[in-house]
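A note on names: the letters A, B, ... follow the listed sequences, proteins ahead of strands, and every chain is numbered from 1. Since the structure is predicted, the reported quantities are computational estimates derived from the model, not experimental observations.
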2 protein chains.
Amino acid sequence: MSYSEIVDMLSGKGLKVTPQRLAVLEALMTIKDHPTADAVKEYVRRSNPNLAIGTIYNILETFCEKGIIKKIKTDKDFMQYDIEMHKHHHLYCEQCDYIENYYDEELDKMLQEYFDKKQIPNFNIKEINLQIIGNYKNHKPTKNS
Amino acid sequence: MSYSEIVDMLSGKGLKVTPQRLAVLEALMTIKDHPTADAVKEYVRRSNPNLAIGTIYNILETFCEKGIIKKIKTDKDFMQYDIEMHKHHHLYCEQCDYIENYYDEELDKMLQEYFDKKQIPNFNIKEINLQIIGNYKNHKPTKNS
DNA sequence: ATACTAGTTAGGAATAATTCTCATTTAATA
DNA sequence: TATTAAATGAGAATTATTCCTAACTAGTAT
Ligand SMILES: [Mn+2]
Ligand SMILES: [Mn+2]
Ligand SMILES: [Zn+2]
Ligand SMILES: [Zn+2]
């Protein structure tokens, strides 16, 4: 995503293009790993040492409302954010808390067809996300190493 | 589940049978609705006005460790607990935050077969939970009314 | 029935993530 | 350049959850 695409994306949603928002976007796109607000802070502070943590929460919330990112909650007591907006599911590793994206169009099609046929009474389905819980056979590196 | 079954279940897991644990269990079994720690507190305080909130968290954590209940993942910033231990999925209503259990053996079988065939590289699947997000055509009562 | 003890609880303090407040600053627009 | 609605920084406040520890109790042994 180029700089001008990012600018267009933000202003297209009625958001002012601020250095803080650009920094948070860059952090989210670089880290990818479903970062916490704190991980985003660590990242952006390298270039913007006094970007306030409250501002980060503000921006993340705004991005959620505008459909730019999503929240992910595990059984931990902090929120994680996901900038990958293509349809995907999640692998939750029970041992190292790593959450990996899982893409599977065949699966999506199968589920789509299944629920087209089998309606859930009184409920309109908007999307279906799988939480696939288990463990890696050999653990992924947690961060960048 | 009778009183003596509950007693056996707790002591079978090496847990002492205390009035506090019985009260929390009763709350969970009565509320069903994936209550928060606070909802459990509200319930148990009617009969045990000075059951400490710290004790409730203690008990809930112990129950999780012993496999009596589970934590469920939402995008809210508080935990919810689930005493239904039969395999099921969840319907998340976007409008009223109600989370309903969804049972579907046919679906489970389909997923089982799918992932038996199609392995995920480097990952052992332990369980799969669907987050089915959408809205009720006419909303469910939020509490008991 | 009584004593013992490891496990449990009450109550309050502490912590950590997140939200709020508001004075100041800034991006967009004219 | 002037205007203004929106955004930010700094720190206080809030909220869910955890921690601490003295007092208590369920289960077991005597
Ligand atoms: Mn993701
Ligand atoms: Mn459930
Ligand atoms: Zn792992
Ligand atoms: Zn609803």
Side-chain angles (χ1 to χ4, degrees), chain A residues 3-4 6-25 27 34-45 47-66 68-81 97, chain B residues 3-4 6-27 34-45 47-66 68-69 71-81 97:
Chain A
Y3 178 76
S4 76
I6 289 174
V7 170
D8 290 352
M9 189 266 282
L10 290 176
S11 45
K13 291 181 185 282
L15 299 176
K16 289 185 179 172
V17 179
T18 67
Q20 292 86 347
R21 281 177 179 157
L22 292 173
V24 168
L25 262 185
H34 313 104
T36 60
D38 201 64
V40 171
K41 187 197 76 180
E42 288 305 313
Y43 187 96
V44 300
R45 285 260 172 105
S47 44
N48 290 46
N50 37 10
L51 208 168
I53 183 69
T55 300
I56 291 173
Y57 278 105
N58 257 341
I59 292 173
L60 290 170
E61 192 59 39
T62 304
F63 285 178
C64 286
E65 282 163 9
K66 296 295 182 178
I68 298 169
I69 61 175
K70 280 187 183 175
K71 290 178 178 174
I72 306 179
K73 181 72 165 49
T74 65
D75 53 4
K76 299 295 175 314
D77 68 344
F78 45 75
M79 197 60 67
Q80 289 175 261
Y81 298 88
D97 294 339
Chain B
Y3 178 76
S4 74
I6 289 174
V7 170
D8 290 350
M9 189 265 282
L10 290 177
S11 45
K13 292 181 184 282
L15 299 176
K16 288 185 180 171
V17 179
T18 66
Q20 292 86 346
R21 282 179 177 154
L22 292 173
V24 168
L25 262 184
E26 189 198 323
H34 311 106
T36 61
D38 201 65
V40 171
K41 186 197 76 178
E42 288 305 313
Y43 187 96
V44 299
R45 286 262 173 102
S47 44
N48 292 44
N50 37 11
L51 208 169
I53 183 69
T55 299
I56 290 173
Y57 278 104
N58 254 343
I59 291 173
L60 291 170
E61 193 58 39
T62 304
F63 285 179
C64 285
E65 282 162 12
K66 296 294 182 178
I68 299 169
I69 61 176
K71 293 177 177 176
I72 64 179
K73 305 171 185 2
T74 67
D75 57 358
K76 299 296 177 310
D77 67 344
F78 44 76
M79 198 57 66
Q80 288 176 264
Y81 299 87
D97 294 339

Trainee: On DNA chain C, does the nearest nucleotide to A:A37 precede the nearest nucleotide to B:G14 from the 5' side, or the other way round? Give the residue.
Mentor: B:G14
Trainee: Among the nucleotides D:dA7, D:dT25, C:dA10, which one has an atom lying closest to any side-chain atom of B:T55?
Mentor: C:dA10
Trainee: What closest approach, in Å, do B:A37 and B:Y81 show between heavy atoms, and which atom pair accounts for it?
Mentor: N-CE1, 4.0 Å
Trainee: Hey, which of these two, B:K16 or B:Q80, hits DNA chain D nearer its 5' end, going by closest nucleotide?
Mentor: B:Q80
Trainee: Can you tell which of B:L15, B:I68, B:V17 makes a side chain to side chain contact (heavy atoms under 4.5 Å, CB included) with B:M9?
Mentor: B:I68
Trainee: I want to verify a distance call: between C:dA17, D:dT17, C:dT9, whose nearest atom is closest to the B:F78 side chain?
Mentor: D:dT17
Trainee: Rounded off to whole Å, could you give me the CG-to-C1' distance for the B:L15 and D:dA26 pair?
Mentor: 12 Å
Trainee: Between atom CG in A:L60 and atom C1' in C:dA17, what is the gap in whole Å?
Mentor: 13 Å
Trainee: So, is B:Y57 close to the D:dT17 phosphate, meaning a side-chain N or O under 4.0 Å from OP1 or OP2?
Mentor: yes
Trainee: Measure from the side chain of B:N58, starting at C-beta and using heavy atoms only, and say which of C:dG7, D:dA10, C:dT9 lies closest.
Mentor: C:dT9
Trainee: Pick out which of A:L51, A:L25, A:I53, A:I56 makes a side chain to side chain contact (heavy atoms under 4.5 Å, CB included) with A:V40.
Mentor: A:I56
Trainee: When you measure from the side-chain N and O atoms of A:Q20 to the phosphate of C:dT26, is any distance below 4.0 Å, counting only OP1 and OP2?
Mentor: no
Trainee: Separation of B:L10 atom CG from D:dG27 atom C1', in whole Å?
Mentor: 14 Å
Trainee: In whole angstrom, give the distance that lies between atom CD1 of A:I56 and atom C1' of C:dA17.
Mentor: 13 Å
Trainee: For the side chain of B:P19, starting at C-beta, report the closest nucleotide among D:dA5, D:dA26, D:dT8.
Mentor: D:dA26
Trainee: Could you tell me the separation between the CG atom of A:N50 and the P atom of C:dT24, rounded to a whole number of Å?
Mentor: 17 Å
Trainee: Any idea which heavy atoms bring B:L22 and B:I6 closest together, and the distance?
Mentor: CD2-CG2, 3.6 Å
Trainee: Rounding to an integer number of Å, can you tell me how far B:I53 CD1 sits from D:dC19 P?
Mentor: 15 Å
Trainee: To the nearest angstrom, how far is A:M79 atom CE from C:dT18 atom P?
Mentor: 6 Å
Trainee: Are the side chains of A:Q20 and A:N58 in contact, using a 4.5 Å heavy-atom criterion?
Mentor: no
Trainee: Should A:T18 be listed as having a side-chain N or O under 4.0 Å from OP1 or OP2 of D:dA7?
Mentor: no
Trainee: Calculate the interatomic distance between A:L51 atom CG and D:dA7 atom P; express it in whole Å.
Mentor: 14 Å
